[in-house]
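Everything below concerns the one structure shown next.
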Amino acid sequence: MKAAEGFTRPGPSAVVLVAYGVAFYFLSLTLKSIPIGIAYAIWAGVGVALIALVGWLVHGQRLDAPALIGLGLIVAGVVVLNLFSKSLPH
């Protein structure tokens, strides 16, 4: 979204819109087998972690210790949901 500059650049804006469409499509596929609350928690957590990683790698954004700890907790939460939750089919 940063490259789209408020949707004023057509190319990056189109990429953002297509990427969001693809993301929601795959989220809808997971809802066939995973409860919506769990699916959304995983989707949001993984999204936050991946966007932070992209910000660091592509845009040179710095992540301080509290940010890294917070991201680690998000990843740990997704792992706990996937490995130990009885709400998910295993």
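Computed from heavy atoms alone, side chains included, the values below leave out hydrogens, waters and symmetry copies. Everything quoted here is computed from the prediction, not taken from an experiment.
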Solution key, residues 6-18 side-chain donor-acceptor pairs under 3.5 Å, sequence neighbours excluded:
residue	atom	partner	partner atom	Å
Thr8	OG1	Glu5	O	2.6
Arg9	NH1	Ala3	O	2.9
Ser13	OG	Arg9	O	2.6

Are Ile42 and Ile51 connected in the hydrophobic side-chain network, where two residues link if heavy atoms are under 4.5 Å apart? no
Would you say Val79 ends up clustered with Phe84 if hydrophobic residues are merged whenever their side chains have heavy atoms under 4.5 Å apart, either directly or through other cluster members?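 Yes, Phe84 and Val79 fall within the same hydrophobic cluster.
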Rounding to 0.5 Å, atoms CG (Leu81) and CD1 (Ile38) come to a distance of 5.0 Å
Taking all heavy atoms of Val75 and all of Ala49, pick out the closest pair and write down the distance.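 So the minimum-distance heavy-atom pair works out to CG2-CB, 4.2 Å.
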Could you tell me which non-hydrogen atom of Ala52 sits nearest to which non-hydrogen atom of Leu71, and how far apart they are? CB-CD1, 3.6 Å
Sequence neighbours left out, what passes side-chain contact (heavy atoms from CB on, under 4.5 Å) with Leu53? Give chain and number order.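 Applying side-chain contact (heavy atoms from CB on, under 4.5 Å) to Leu53 gives Trp56, Leu57.
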side-chain contact (heavy atoms from CB on, under 4.5 Å) filter on Val54, not counting sequence neighbours, yields Val58
Which donor-acceptor pairs under 3.5 Å do side chains of residues 25-32 form with protein atoms, sequence neighbours excluded?
residue	atom	partner	partner atom	Å
Ser28	OG	Tyr25	O	2.5
Thr30	OG1	Leu27	O	2.7

Under a single-linkage rule joining Ile, Leu, Val, Met, Phe, Trp and Tyr whose side-chain heavy atoms are separated by less than 4.5 Å, which residues share a cluster with Ile69?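 Besides Ile69, the cluster holds Leu73.
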Sequence neighbours excluded, every pair satisfying ring-ring contact (aromatic ring centres under 6.0 Å, His included) that has a member inside residues 31-53: Phe24-Trp43, Tyr40-Trp43
